[in-house]
Amino acid sequence: MRRLNRNLKISIYVFFRGGLVKVYILTDLEGISYVVREEQTSPSSREYEEACLLLTREVNAAVEGALEGGATEILVNDLHGARGGFNLIPEELHEHARYVTGGPRTCRMAGIDESFNLAFMIGYHAMAGTQRAVLDHTMSTRVIVDAYINDRRVGEIGIDASILGYFNVPIVLVTGCRMAVEEAKSLLGNIESVVVKEGLSRNFAICLPPVKSRKLIREAAKRATQKVGEFKPFKVNPPITVRVKYSHPNYADVQARIPRVEREDPRTIVVRGEDLLDVMRILGWY
Ligand SMILES: [Zn+2]
């Protein structure tokens, strides 16, 4: 009888656990449809307020699609650095998700754990130094020139995918400009994606109208969620080495004061470790 009870408990657990589809949505502003100029990404301008509305509506489209695809729980992380990670417009937010907002942050990836089944990157952008990529950068526009994880050149797509991969959560949808999507696919394989704009130069692009981008994002989010379990997380095997090349030695000087940060040359620092999160924490990226 005891054994039967135990088996029953396990089956009930498996049934409910099997029915849960938890989605973690990472958002940025530079890869949102119709966002092409630097002014749109910083709070001092009127264009920024409009860009936040475009962002919020694309995030809502992703939430809507995820729900249609069977998501039971959605956590959205507002990651664009402007205004301390407070870019989404509260009154516009979809009611069936929860939102990580504000800062300074004790952790960039708040709320993530192994219970999430999949993740989306909405409004992401290509790594620093990518030609024909809209608003390309890595973490900070004028500060970082290059970043490498275990000798592989990465931008925010690679950095954030590796952190979610640490928790065994695969990225299944990336939206942004064509170069951001190409970067994501070369790293993560044949995931779902939406190209919302084609960069002609860094601040110059051919864009889809936002209403069309939202429609495509909603459809892609639905497909991605329906494919739960089909994608592998992006795993980085230890030992971990993260190398960062800055645009000016001053930035490396500041970083080199942090314990466990090695100076490689005037502009370059390296952090090594066995645990990816530990290394990312030192760099302020987790
Ligand atoms: Zn950003």
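Along the sequence shown, residues are numbered consecutively beginning with 1. Whatever order the structure lists them in is the order used to number ligands and atoms, beginning at 1.
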Worksheet item: Passes salt bridge (Lys or Arg N to Asp or Glu O under 4.0 Å), E219 versus K215? Steps please.
Response: CA-CA 6 Å; E219 289 164 2; K215 189 167 179 279; 3.5 Å; yes
Worksheet, complete the sentence: Here the N/O/S atom of D28 closest to the Zn ion (ligand 1) would be OD1
Item to complete: Return the set of residues passing side-chain contact (heavy atoms from CB on, under 4.5 Å) with A61 (not counting sequence neighbours), or none when no residue passes.
Response: R214, I217, R218
Worksheet item: N/O/S of E30 less than 2.8 Å from the Zn ion (ligand 1)?
Response: yes
Worksheet item: Do we see a donor-acceptor contact under 3.5 Å between the side chains of N87 and Y48?
Response: yes
Fill in: Residue pairs passing the salt bridge (charged side-chain N to carboxylate O under 4.0 Å, His left out) test where at least one lies in residues 173-183, sequence neighbours excluded
R178-E198
Discussion item. Could you identify the N, O or S atom of H80 positioned closest to the Zn ion (ligand 1)?
Written reply: ND1
